[in-house]
Amino acid sequence: MIQPLFMVGARGAGKTTVGKALARALDYRFTDTDLYMQQHTGLSVADVVAREGWIGFRQRETQALQAVSAPQTVIATGGGAILAPENRAFMRATGLVIYLRAPAGTLAHRLEEYPQDAQRPTLTGKPIAEEMVEVLAAREALYQEAAHYVLDATASPDEIVADILRRVQGELVR
Ligand code: ADP
Ligand code: MG
């Protein structure tokens with residue numbers, strides 16, 4: 001089995017950063033559903049949301065998730081990809097799902113420190129720290145439900161990659 005690995009978690013959890021490092025360590029390809037959508041529509045996440053609303057964005061996200069899913073690939077998903085039951089079922093059935101879990105304060109701190117990596121428009125219009133508390137409260141159970149593995153995303157990227165490798169060992173390349 002050489003299933004795809006799906007990285008899930010909130011904005012700022014490190015899905016892109018850790019996903020890329022994990023792909024290097026496994027010699028897998030890396031794709032990012034947000035980037036895939038940008039390349040295929042020529043629009044940023046913010047543009048799609050402005051034109052089609054979050055509902056249109058979520059529909060495109062489901063298509064993107066299925067399009068990029070391939071063996072030997074690490075896939076960084078959007079923070080809200082787990083909202084759709086269809087996406088959760090698809091990821092669990094076709095791959096291994098890794099939840100990068102971090103407290104709201106850590107996420108807010110990272111997004112404030114590196115706003116260029118945040119990419120997405122605010123979901124609620126509230127200050128980022130407050131928004132992260134709400135987003136996690138609404139989604140924690142869904143991240144947990146989707147995940148095969150829950151990782152402490154406050155560790156360094158190298159430590160998280162090592163932790164993932166230990167845990168998926170035996171599941172991959174049989
Ligand atoms: P996501 O793709 O989940 O939104 P990113 O990988 O873009 O998150 O990371 C968001 C920001 O946090 C980036 O600036 C990144 O460098 C930083 N970051 C990611 N993971 C970690 C980590 N484990 N420790 C410290 N900073 C991190
Ligand atoms: Mg990302």
Quick one, [X] and [Y] - any side-chain contact, counting heavy atoms below 4.5 Å?
{"X": "Arg60", "Y": "Glu52", "answer": "yes"}
{"X": "Tyr143", "Y": "Val97", "answer": "no"}
{"X": "Ile164", "Y": "Val18", "answer": "yes"}
{"X": "Leu107", "Y": "Leu136", "answer": "yes"}
{"X": "Arg167", "Y": "Ile98", "answer": "no"}
{"X": "Leu83", "Y": "Arg139", "answer": "yes"}
{"X": "Leu65", "Y": "Phe6", "answer": "yes"}
{"X": "Glu86", "Y": "Phe90", "answer": "no"}

Taking all heavy atoms of [X] and all of [Y], pick out the closest pair and write down the distance.
{"X": "Pro4", "Y": "Ser69", "value": "CG-OG, 3.7 Å"}
{"X": "Ala153", "Y": "Ala102", "value": "CB-CB, 4.1 Å"}
{"X": "Asn87", "Y": "Ala81", "value": "ND2-O, 2.9 Å"}

Applying side chain to side chain contact (heavy atoms under 4.5 Å, CB included), name anything that partners Val150, two or more places apart in sequence or on another chain.
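With sequence neighbours excluded, Val150 shows a side chain to side chain contact (heavy atoms under 4.5 Å, CB included) to Tyr99, Arg101, Gln144, Ala147, given in chain and number order.
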Report the C-alpha distance between Arg110 and Met132 in whole Å, list the side-chain angles of each, state the deciding distance to 0.1 Å, and finish with yes or no for side-chain contact (heavy atoms from CB on, under 4.5 Å).
CA-CA 11 Å; Arg110 287 182 190 166; Met132 295 321 298; over 6 Å; no
Where the side chain of [X] meets the backbone of [Y], is there a donor-acceptor pair that is under 3.5 Å apart?
{"X": "Glu130", "Y": "Pro127", "value": "no"}
{"X": "Asp163", "Y": "Ile160", "value": "no"}
{"X": "Lys15", "Y": "Gly9", "value": "yes"}

Set of ring pair (Phe, Tyr, Trp, His ring centres under 6.0 Å) partners for His40, sequence neighbours left out:
Tyr36
Can you list every ring pair (Phe, Tyr, Trp, His ring centres under 6.0 Å) pair that touches residues 59-80, not counting sequence neighbours?
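For residues 59-80, and leaving out neighbouring residues, there are no ring pair (Phe, Tyr, Trp, His ring centres under 6.0 Å) pairs at all.
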Kindly compute the distance separating [atom1] ([X]) from [atom2] ([Y]), expressed to the nearest 0.5 Å.
{"X": "Thr33", "Y": "Gln38", "atom1": "OG1", "atom2": "CD", "result": "10.5 Å"}
{"X": "Gln3", "Y": "Thr73", "atom1": "CD", "atom2": "OG1", "result": "11.5 Å"}
{"X": "Leu5", "Y": "Met91", "atom1": "CG", "atom2": "CE", "result": "12.5 Å"}
{"X": "Thr16", "Y": "Arg11", "atom1": "OG1", "atom2": "CZ", "result": "12.5 Å"}
{"X": "Arg29", "Y": "Ile75", "atom1": "CZ", "atom2": "CD1", "result": "10.0 Å"}
{"X": "Leu22", "Y": "Thr17", "atom1": "CG", "atom2": "OG1", "result": "12.5 Å"}

In the single-linkage hydrophobic clustering (I, L, V, M, F, W, Y; side-chain heavy atoms under 4.5 Å), do Val133 and Ile82 co-cluster?
no
With a cut-off of 6.0 Å (strictly less than), are more than 12 heavy atoms of other residues, nucleotides or ligands near NE2 of His148?
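Count over threshold, so yes.
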